[in-house]
Amino acid sequence: MRKKNSFSKSRSNSSSQGSSKPAQKFQTEIIVNCSPRETRIAMLEDGKLQEYRVEREERVVGSIFKGIVQNVLPGMDAAFVDIGLERNAFLYVADILPEEGGHDNSPASIKRSELRRRKIKDLLRPGQEIMVQVTKGPRGTKGARVTTRIALPGRYVVLMPEGSHVGVSRKIEDRSERERLRKVGDAILPDGFGLILRTECEQRTSSELHADVVFLQQLWGQVLQAAKRLKAPACVHRDQTLLYRTIRDIFGDEIDRLVIDDPDEYEKVNLVAKVVAPQLVDKIELYDRERPVFDQYEIEKDIDRLLNHKVVLKSGAYLVVDEMEALTAIDINTGKMVGSTSLNETILKANLEAADEVCRQLRLRDMGGIIVIDFIDMESNEDKKKLMDHFTKKLERDRARTRVGKISSLGLIEITRKRTGESVTEAISDVCPTCEGRGRIPSQETVSLWIERDIRRRLNEAGNAFFIECHPAVVETLIGADGESVEDLEHDLNRALYVRANFDFQFDEYEITSGTIQEFDAAHMGLRRAQVMECNVRSSNLDAATKVVGWTDLGYYVELIDGDKYLGNRVKVCLQDIRRSYAVADVILSGSARPLAGA
């Protein structure tokens with residue numbers, strides 16, 4: 001059966017309407033799905049997906065680099081620093097730690113306005129080596145943003161080398177508790193460091209906080225040793241994995257349980273939790289059923305609908321989400337909602353329901369930067385106040401820092417939400433090569449992971465092999481460099497895999513057939529070593545700049561040895577090594593090479 005996964009399927013999102021109940025308690029769960037190529041973490045509130053994060057490669061934000069100043073631009077009051085990434089990082093003058101005066105959070109330190117008045121050319125020079133920490137990851141054409149104010153986050157505190165101030169999280173509102181924590185902070189503050197007491201340190205003992213400080217001091221010592229040993233540009237400290245950061249930053253008393261589906265990661269999480277939060281160990285559960293954990297909790301269907309342009313609400317109203325580089329625009333429409341009393345009541349009800357869903361979408365997609373929300377116009381000032389009060393109250397559950405403006409004369413609400421890197425949309429999709437950014441398609445890695453998950457769901461079917469047809473770009477991703485990915489997957493699944501390209505398939509289409517090795521060998525492996533055959537030479541979808549590959553008419557992938565000069569031609573090749581999903585071959589009889597039609 002041919003399957004097509006698309007980001008444009010219609011959806012009907014449920015959204016709870018505003019309630020006047022104070023301090024509503026949610027059943028909060030964190031569900032973790034681990035695989036060799038990605039880690040996915042979902043947060044559920046009363047069974048409904050509220051946050052979703054994906055990690056497929058090492059994170060840059062929070063990592064510390066030893067960099068080299070490349071350019072100092074007085075006209076921008078900034079410098080560009082080579083930290084070893086694809087693009088140079090951006091360092092603003094106000095993000096350079098003053099030589100004297102303490103940390104920026106200290107009342108005794110230099111004010112931000114005074115920091116801006118300093119001259120960048122007096123602080124840095126090209127070729128100078130400096131230690132910086134990434135505060136915003138690369139995005140689009142922009143490089144990372146960095147600061148010289150190093151901050152090391154722990155479970156309960158944030159340790160700031162070269163600071164001197166003790167601060168307490170604003171989210172701790174009890175005055176007596178704030179005062180107690182400040183005294184504890186003053187007592188455990190090491191010389192030459194600043195300290196911020198995080199929200200999680202509320203009601204914690206002095207010994208717990210001191211242990212966190214000691215651990216971070218040791219970590220800073222390791223960073224300094226690495227900085228002395230490594231030659232710039234180099235990463236001297238890489239921030240922890242998504243799963244570790246979740247345990248450190250999110251897994252607290254308000255979380256009812258954490259479910260993880262990988263035994264090895266489960267053991268690691270238990271060890272980490274015993275150190276940073278021993279009272280929470282009993283909340284960690286291992287999921288060991290046959291059904292995938294995200295299917296069990298009905299998360300997968302929400303993820304499939306995550307990137308939909310249109311989000312339909314229970315009442316029939318809907319909102320349209322447009323994520324752009326400059327800003328995100330969210331438009332609310334009444335749609336099929338007709339109401340039952342008056343027009344004003346219908347509009348208010350639609351706006352309140354939309355406000356709930358907007359807050360959910362902000363967290364779910366992890367949207368950042370400037371966000372403009374176009375609520376349905378309301379004439380009553382009282383209704384506008386109800387909407388603003390409801391909206392700001394719902395935003396309180398968002399851990400990201402937000403600032404909310406007033407409703408404008410045009411009925412718009414402008415907010416800013418702290419951005420630290422890619423949104424979920426950007427993380428799991430690519431810019432469409434056809435529309436050049438006006439729409440999005442699932443990335444070839446995403447489609448290959450869909451295929452992998454579908455195969456795992458079908459492991460109970462008869463046979464010892466699977467035949468897979470998909471888009472050529474997805475074939476390359478499944479096979480991987482030198483065939484490592486497909487061979488690792490075969491070993492992991494204990495099944496033989498036959499991967500072929502279907503040039504008529506769209507990017508997100510694929511077909512999986514189960515069977516036996518004997519059946520698929522007879523139907524698709526009529527090949528022998530030293531056999532001569534023809535193939536079309538194309539640019540690689542993985543590395544188009546430096547690599548070319550060959551494709552037979554039946555969609556068989558051929559890795560060509562020194563085939564780059566035949567790009568765009570149909571050539572004869574001699575097979576040297578034959579595998580189920582790919583072959584390695586030499587190009588022969590170059591004089592017979594002929595251009596491909598349309599190449």
Side-chain angles (χ1 to χ4, degrees), residues 11-26 43 45-46 48-51 170-171 173 305-306 308-324 326-419 423:
R11 71 171 293 171
S12 177
N13 265 355
S14 60
S15 177
S16 57
Q17 196 173 334
S19 172
S20 59
K21 294 180 182 179
Q24 183 180 359
K25 178 67 175 70
F26 293 94
M43 178 183 286
E45 291 179 357
D46 289 342
K48 187 173 183 180
L49 182 63
Q50 296 291 340
E51 295 186 23
R170 295 177 182 176
K171 292 185 178 181
E173 299 178 352
R305 299 189 292 241
L306 178 61
N308 279 6
H309 189 229
K310 183 177 179 180
V311 181
V312 181
L313 308 179
K314 269 186 176 180
S315 63
Y318 65 91
L319 49 105
V320 175
V321 182
D322 282 307
E323 292 185 66
M324 297 160 281
L327 56 82
T328 296
I330 303 176
D331 183 41
I332 286 87
N333 298 279
T334 53
K336 297 179 180 180
M337 183 179 185
V338 295
S340 58
T341 53
S342 66
L343 177 60
N344 288 343
E345 183 67 25
T346 300
I347 291 174
L348 176 61
K349 184 178 179 181
N351 278 337
L352 291 175
E353 185 183 17
D356 291 344
E357 187 61 30
V358 167
C359 293
R360 176 175 179 257
Q361 291 294 327
L362 291 177
R363 296 171 62 191
L364 187 57
R365 304 185 190 214
D366 197 22
M367 295 181 283
I370 300 172
I371 300 161
V372 179
I373 307 157
D374 184 9
F375 285 100
I376 304 167
D377 290 340
M378 296 179 293
E379 296 180 358
S380 168
N381 289 330
E382 182 181 352
D383 288 349
K384 291 179 181 180
K385 186 177 185 305
K386 286 181 181 178
L387 174 61
M388 283 298 298
D389 291 344
H390 182 80
F391 184 57
T392 53
K393 184 175 178 60
K394 286 290 182 180
L395 276 178
E396 291 176 0
R397 295 196 59 80
D398 194 341
R399 291 190 309 278
R401 188 170 68 246
T402 57
R403 294 174 57 193
V404 184
K406 297 179 180 179
I407 298 181
S408 72
S409 59
L410 300 177
L412 305 176
I413 294 181
E414 298 175 8
I415 74 170
T416 60
R417 187 174 186 270
K418 184 177 180 182
R419 185 202 305 278
S423 69

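Reckoned from all heavy atoms, side chains included, excluding hydrogens, waters and symmetry mates. Owing to the predicted nature of the structure, the values given are computational and were not obtained by experimental measurement.
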Any side-chain to backbone donor/acceptor pair from [X] onto [Y]? Under 3.5 Å, distance only.
X: R397; Y: R360; answer: no
X: R365; Y: S423; answer: no
X: R417; Y: M367; answer: yes

Who passes salt bridge (Lys or Arg N to Asp or Glu O under 4.0 Å) against D383, sequence neighbours left out?
->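 Partners of D383 under the salt bridge (Lys or Arg N to Asp or Glu O under 4.0 Å) test: none.
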
For D389, salt bridge (Lys or Arg N to Asp or Glu O under 4.0 Å) partners two or more places apart |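 Checked D389 against salt bridge (Lys or Arg N to Asp or Glu O under 4.0 Å); matches are K385.
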
Are the side chains of [Y] and [X] in contact, using a 4.5 Å heavy-atom criterion?
X: V311; Y: R305; value: no
X: I415; Y: L362; value: yes
X: N351; Y: F391; value: no
X: V404; Y: M388; value: yes
X: R363; Y: E45; value: yes

D322 CG to I330 CD1 distance, which is reported to the nearest 0.5 Å =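 Reported value, rounded in 0.5 Å steps: 9.5 Å.
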
Going through the checks in order, is the side-chain contact (heavy atoms from CB on, under 4.5 Å) test met by D366 and E51?
-> CA-CA 8 Å; D366 197 22; E51 295 186 23; over 6 Å; no

Between E379 and I347, is a side-chain contact (heavy atoms from CB on, under 4.5 Å) present by the stated rule, with each step listed?
-> CA-CA 10 Å; E379 296 180 358; I347 291 174; over 6 Å; no

Quick check: are there more than 12 heavy atoms from other residues, nucleotides or ligands sitting under 6.0 Å from CD of E414?
->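 12 or below, so no.
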
